[in-house]
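Basis for what follows: all heavy atoms, side chains included, without hydrogens, waters or symmetry-related copies. Start at 1 and go down the list; that is how both ligands and their atoms are numbered.
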Amino acid sequence: MKILVTGGAGYIGSHTCVELLNAGYEVVVVDNLMNSKQEALDRVKQITGKDLLFYNVDLLDKKALSKVFLEHDISAVIHFAGLKAVGESVSLPLKYYHNNITGTLNLCEVMEEFGVDRMVFSSSATVYGHQDCVPFHEELSLQATNPYGRTKLMIEEILQDVYVSNNNWSIALLRYFNPVGAHLSGLIGEDPNGIPNNLFPYITQVAVGKLEKLSVFGGDYSTHDGTGVRDYIHVVDLANGHLKALEHVLNKTGVNAYNLGTGKGYSVLDMINSFEKTTGKTIPYQITERRPGDIAISYADPSKAKKELGWEALKGIDEICRDSWRWQSQNPNGYDTKLERQVTK
Ligand code: NAD
Ligand code: UD1
């Protein structure tokens, strides 16, 4: 069975391709490499010993996308492709709306044209915005607080409307909490451009000596140690959640949202401590001002995914720290091996 993976060269996409290939699916990747490297896909092949097809196609190029569907009998689509940096989305909202929303509209139109009506979509816990209580469950009212979040919210609504117009569709809206970690092989992992915005790549880059010290954004939240609490989910657990969601959409129609999280919250200081303990590296840090827009606590109620998809996260924070460090220490410059050769010369 052939699965089209948009954004398959990216962080979560590449890990999902590994699990898809291991499970016996044929994989066709569409990615314009605007935030990824083709090397990631070569490493997916290396890990699995299996081949996949790659098309350097932009979802905004509907004609090129149609050609992929013409050449392949696609059974379902896992749709990762999108821009994801919150801060950048505030300064470049039109770019985010155009890429994420127009890209998804093109994809849905082409899917409809070719009679493909099964989709797993990458949404985000960001659609919960600021809530008064944790854990977050799928029935809470949604509210995005920035253009990136609004693209996710709008796409969820667009996909609901697509289903209402044609009940043959089957769509899973996966709301990820905080994806972290890397594949056990150390061959694929997160490779952010420039200085990382997110906590985990920042910690690993401090550990490898690329950054001097971590700023902990806020020490006065009402949490057990004053620092922000999040639900960190291992990317391989997350990838497996996509396989469970894929089986679900292949067998049933409807549109459903699922939280993919662990149900446990850890603070920034918990994560630093766990990283130091499991890797033996010291992470220098200082507590600074809160980051505007941040919330104190976010973690999932993952019971719906367990009940309906038969999925739950299995890996804990020690494994997350170990695997992230293996990836970062083996690939200090991410997929940019040329840079490594220059450094070691
Ligand atoms: P990523 O940037 O590593 O992967 C996204 C991929 O999509 C990249 O390879 C990029 O080149 C590609 N892409 C973007 N726009 C495209 C277009 N128009 N046409 C073709 N390819 C395009 O990001 P990721 O962390 O793997 O995230 C995957 C998805 O999950 C995104 O939609 C993101 O918003 C969502 N998500 C991510 C997180 C997270 O923390 N990583 C959390 C919640 C949701
Ligand atoms: C970010 C995104 C959110 C997305 C989520 C999952 C922002 C503002 N929000 O949220 O839209 O859904 O990732 O990918 O980018 N922290 C530090 N120092 C740092 C970096 C982070 O102390 O250098 C803290 C943050 O204040 C937070 C925690 O670490 O308490 C996690 O931060 P981050 O990894 O950026 O994730 P989110 O804030 O959950």
Considering only heavy atoms of Phe177, which atoms of ligand 2 have at least one such atom less than 4.0 Å away? 6 (C)
Winner among Asn100, Ile12, Asn35, Val5 once heavy atoms are compared against atom 2 (O) of ligand 1: Asn35
Could you tell me, atom by atom, which parts of ligand 1 come under 4.0 Å of a heavy atom of Met34? 11 (O), 14 (C), 15 (N), 16 (C)
With a heavy-atom distance limit of 4.0 Å, tell me whether Leu33 approaches ligand 1 through its side chain, its backbone, both, or neither. backbone
Please could you name the atoms of ligand 2 that Asp294 approaches to less than 4.0 Å, counting only its heavy atoms? 25 (C), 26 (O), 38 (O)
Would one find an N or O of Tyr148, backbone or side chain, under 3.5 Å from an N or O of ligand 2? no
For Asp58, which part has a heavy atom under 4.0 Å from ligand 1: side chain, backbone, both, or neither? both
For ligand 1, the portion of Lys152 having any non-hydrogen atom under 4.0 Å away: side chain
Using distance alone, determine whether Pro179 and ligand 2 share an N or O pair under 3.5 Å. no
Check whether any N or O atom of Tyr202, backbone or side chain, sits under 3.5 Å from an N or O atom of ligand 2, and answer yes or no. no
Proximity winner for atom 11 (O) of ligand 1, if only heavy atoms of Asp31, Val29, Thr16 are counted: Asp31
Select one of side chain, backbone, both or neither to describe which atoms of Ala125 lie under 4.0 Å from any atom of ligand 1, heavy atoms only. neither
For Leu199, which part has a heavy atom under 4.0 Å from ligand 2: side chain, backbone, both, or neither? both
Is ligand 1 less than 4.0 angstrom away from at least one heavy atom of Ser14? no
Below 4.0 Å from ligand 1: does a non-hydrogen atom of Gly103 turn up there or not? no
Quick check on contacts: which atoms of ligand 2 are under 4.0 angstrom from a heavy atom of Ser124? 12 (O)
Give the residue and atom name of whichever protein heavy atom lies nearest to atom 14 (C) of ligand 1, and the separation in Å to one decimal. Gly82 N, 3.3 Å
Within ligand 2, which atoms have a heavy atom of Thr126 less than 4.0 Å away? 11 (O), 12 (O)
Test your reading of the structure: does Ser124 have an N or O sitting under 3.5 Å from an N or O of ligand 1? no
Run the numbers for me: atoms of ligand 1, each under 4.0 Å from some heavy atom of Val57, listed by number. 19 (N), 20 (C)
Please check whether Ser36 reaches ligand 1 - meaning an N/O of the residue sits under 3.5 Å from an N/O of the ligand, judged on distance alone. yes
Taking only heavy atoms of Val216 into account, list the atoms of ligand 2 that are under 4.0 Å away from them. 22 (O)
For ligand 1, which atoms sit closer than 4.0 Å to a heavy atom of Gly10? 3 (O), 4 (O), 9 (O), 26 (O)
Look at atom 39 (C) of ligand 1 and find which of Pro179, Ala64, Ala9 reaches it with the closest heavy atom. Pro179
Any idea which atoms of ligand 1 are less than 4.0 Å away from a heavy-atom of Ser123? 43 (C), 44 (C)
Taking atom 31 (C) of ligand 2 as the point of reference, which of Phe200, Tyr232, Tyr176 owns the nearest heavy atom? Tyr232
For Asp73, is the CG atom crowded, meaning more than 12 foreign heavy atoms sit under 6.0 Å from it? no
Asn197 heavy atoms, cut-off 4.0 Å: which ligand 2 atoms fall inside? 20 (C), 35 (O)
What atoms in ligand 1 come closer than 4.0 Å to a heavy atom of Ser122? 29 (C), 30 (O), 32 (O), 35 (C)
Could you tell me whether some N/O pair between Leu214 and ligand 2 is separated by less than 3.5 angstrom? no
